[in-house]
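Lettering follows sequence order; numbering is per chain, from 1.
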Amino acid sequence: MPHLDERSLHLRRLVIRAMKMGGRGHPGSALSIIEILRVLYDGILRVRPNEPDWPQRDRCILSKGHGCLGLYAILADCGFFPVEELDTFCHVDSRLGGHPELGKVPGVEASTGALGHGLSIGLGMALAARLNKTDSRIYVILGDGEINEGAVWEAAMSASKHGVGNLTAIVDYNKLQSYGPTEIVQPLEPLADKWRSFGFDVHEVDGHDVEKLGHLFNDLSSPGDAPRAVICHTVKGKGIPLAENNATWHHKSRLNESELAALQTALGAD
Amino acid sequence: MRRTCLDMVHQLARDDQRIVFIGSDLGAGVLQEMKDEMPERYFMEGVAEQNIIGMAAGMALCGIVPYVNTIATFITRRCFEQIAIDLCLQDLPVRLIGNGGGLVYAPLGPTHMAIEDIAIMRALPNMTVVVPTDADEMRRLMRASVAHPGPIYIRVAKGGDEVVSRDADGFEIGKSIRLRDGDDVALIGTGVMVARALGAAEILAESGVSAAVLNMHTVKPIDVTGIIDACADKRLVVTVEEHVATGGLGSAVADVLISHGGTMPRLRRLAIPDAFPENYGSQDALLERYGLQPSQIAAAVLDDLALAAAE
């Protein structure tokens with residue numbers, strides 16, 4: 001596992017900042033996707049923070065909407081909305097809810113939170129890009145627990161049938177869902193073979209290795225003949241030893257003093 | 001009515017590049033002409049309603065206007081969460097065309113009869129629910145649907161249904177149509193029950209009871225003014241629907257009358273009982289079993305008027 005650099009630590013501090021101010025959140029699910037998000041938003045996605053509705057943009061859908069603290073952190077850091085707004089997370093009049101909503105948060109491409117919806121929406125966007133004759137690429141970030149949902153596999157079959165090479169399913173494979181290990185709750189293996197058998201061009205990568213993620217997504221930047229699945233091997237709660245691989249950090253409604261101290265030690269300060 | 005509806009999708013798509021058709025494993029040859037003429041905008045997907053709704057939502061998020069078609073039960077029950085979140089929460093212009101609303105699929109049993117579809121679609125914020133009364137009205141609705149904001153659920157009847165709508169009345173989503181004036185009773189129907197309400201009004205006239213008939217083709221948003229005007233000074237208001245009483249047209253009309261304040265008119269709701277149908281046969285046979293044919297509607301009205309007089 002590579003060492004987390006300052007940018008990865010900074011984005012994690014933003015996640016924890018929002019969570020502390022909101023008094024709750026899904027830290028484990030957000031921390032496992034930080035490197036995936038930063039690689040996409042820093043160098044892969046053709047998006048315009050000052051023009052979030054630019055029609056020709058690439059789309060990134062966070063289908064595992066409960067990981068939104070990670071998405072909010074990168075969107076704020078990229079300038080889609082002020083970083084200070086993270087302090088309003090889950091407040092009554094905030095735009096930043098416990099799951100991301102289209103039309104409220106600049107840069108959010110779909111309202112997610114009910115699991116298993118994002119890949120179908122992404123498929124529709126990929127087909128629309130074909131109809132509209134744009135070269136938009138669509139990335140959909142799925143949780144490993146999320147792909148228990150049958151609708152994901154309906155979407156996978158259809159995406160394969162349509163040969164949408166501009167669609168990439170990214171699986172955050174942290175091996176922990178809400179109750180416990182995926183291999184106990186709902187075994188997924190052989191996961192790569194599953195996607196392959198549904199007609200996807202499958203790749204596997206260390207989901208915290210910024211260099212490898214960058215190379216892979218760059219290599220895949222031109223659409224192929226088939227939809228792609230990128231299985232990112234990740235660690236739930238990555239970056240905070242207390243939270244790593246700890247199912248009780250899937251969702252937290254409050255942080256005690258010792259947990260806050262552990263966060264400070266792990267992440268440092270800006 | 002279904003044929004008219006789908007042909008209209010094709011016709012509208014000729015004039016509007018944003019329109020696509022998405023079916024869920026429909027019958028062989030459906031909309032073949034559209035498929036031949038504009039294959040890139042014709043999608044025949046598998047038996048996967050959840051995916052189809054999400055896919056339509058994704059298209060709509062990129063400026064496409066999808067018309068989605070399958071059997072009414074499957075396009076409402078199976079993918080309810082996708083309709084609620086992907087379409088209604090995001091308020092997207094996706095049109096759901098539900099074949100065989102109500103008791104049309106009587107011989108196929110309760111798995112195929114959509115008797116609560118209006119209720120569950122009506123419960124969703126941002127959803128528009130339209131139940132055209134005949135093929136002519138379907139044509140008017142389809143024209144109006146293109147520019148309508150947000151999702152629409154279109155309940156389609158059997159086909160070959162009696163035409164009672166009139167071109168001269170025009171058509172506007174959310175605005176009911178007074179098809180017959182009357183002083184004593186207001187009959188409010190939706191879909192194919194409008195024709196039966198008109199039949200009941202004819203029978204009532206023979207008994208000296210003057211009944212107005214209101215075509216409530218749009219159940220949501222409900223036409224508040226149309227209901228209040230039609231019910232004013234009536235001895236009895238009767239709603240007639242091919243749907244369970246819970247949450248359907250009668251509920252919507254009751255909501256309006258209760259919220260309006262003033263004197264509540266006497267209201268009777270004629271509907272399907274709160275039970276899954278146990279019989280097969282035909283749509284007409286089941287409507288008769290449930291007391292929803294014209295002579296039965298008229299008899300129910302006369303019974304209620306007699307009851308009211310005795311009270």
Side-chain angles (χ1 to χ4, degrees), chain A residues 52-59 61 63 65 97 99-104 108-134 136-140 142 149-162 164 166-167 198 227, chain B residues 13 16-25 38-68 70 74-75 77-95 124-126 149-151:
Chain A
D53 296 331
W54 175 46
Q56 281 79 39
R57 70 191 182 279
D58 293 332
R59 268 85 170 170
I61 297 172
S63 191
H99 293 95
E101 285 190 59
L102 176 84
K104 281 190 179 174
V108 165
E109 297 287 1
S111 296
T112 55
L115 295 175
H117 292 226
L119 193 57
S120 295
I121 294 173
L123 166 62
M125 290 175 169
L127 290 166
R130 187 181 280 175
L131 286 167
N132 293 334
K133 298 184 170 52
T134 70
S136 292
R137 299 165 305 181
I138 320 297
Y139 298 85
V140 181
L142 300 149
E149 289 283 4
V152 172
W153 302 100
E154 289 184 8
M157 279 194 284
S158 180
S160 175
K161 164 189 158 178
H162 289 293
V164 277
N166 54 345
L167 177 68
F198 276 76
Chain B
D16 191 328
Q17 296 291 318
R18 301 171 306 154
I19 292 175
V20 303
F21 177 76
I22 306 175
S24 171
D25 193 28
M38 45 186 91
E40 72 287 354
R41 288 196 276 152
Y42 176 99
F43 296 88
M44 188 54 66
E45 297 298 296
V47 190
E49 294 82 359
Q50 297 178 78
N51 177 56
I52 289 165
I53 300 299
M55 184 175 128
M59 289 179 170
L61 282 165
C62 298
I64 306 292
V65 180
Y67 284 75
V68 184
T70 187
F74 308 142
I75 208 170
R77 291 176 183 162
R78 186 55 170 244
C79 43
F80 188 70
E81 189 180 82
Q82 279 78 9
I83 295 174
I85 304 298
D86 302 351
L87 303 190
C88 293
L89 175 62
Q90 301 189 120
D91 202 9
L92 297 175
V94 174
R95 287 74 179 92
L124 295 170
N126 294 333

About how many Å separate [atom2] of [Y] and [atom1] of [X], when rounded to the nearest 0.5 Å?
{"X": "A/Leu123", "Y": "B/Met55", "atom1": "CG", "atom2": "CE", "answer": "5.5 Å"}
{"X": "A/Ile138", "Y": "B/Cys62", "atom1": "CD1", "atom2": "SG", "answer": "6.0 Å"}
{"X": "A/Leu131", "Y": "B/Met38", "atom1": "CG", "atom2": "CE", "answer": "12.0 Å"}
{"X": "B/Leu89", "Y": "A/Leu102", "atom1": "CG", "atom2": "CG", "answer": "8.0 Å"}

What part of [X] gets closer than 4.5 Å to chain B, counting heavy atoms only: side chain, backbone, both or neither?
{"X": "A/Arg59", "value": "side chain"}
{"X": "A/Ala129", "value": "neither"}
{"X": "A/Glu109", "value": "backbone"}

* Enclosure of B/Arg78 CZ (heavy-atom neighbours >12, cutoff 6.0 Å) -> no
* side chain to side chain donor-acceptor pair (under 3.5 Å) contacts touching residues 117-127 of chain A (sequence neighbours left out) -> A/His117-B/Glu81, A/His117-B/Asp86, A/Ser120-B/Asn51
* Asked: Pairs in or reaching into residues 42-62 of chain B: which pass salt bridge (charged side-chain N to carboxylate O under 4.0 Å, His left out), with residues at least two apart or in two chains?
  -> A/Lys161-B/Glu45
* Asked: Looking at A/Ser111, A/Ala114, A/Gly113, A/Ala159, which has the largest count of heavy-atom pairs under 4.5 Å with chain B?
  -> A/Ser111
* Asked: Highest number of heavy-atom pairs under 4.5 Å with chain B: which of A/Pro55, A/Ala151, A/Ser136, A/Ala155?
  ->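 Most heavy-atom pairs within the cutoff with chain B belong to A/Ala155.
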* Does the side chain of A/Leu127 reach to within under 4.5 Å of the side chain of B/Ile64, using non-hydrogen atoms? ->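 No; the side chains remain at least 4.5 Å from each other.
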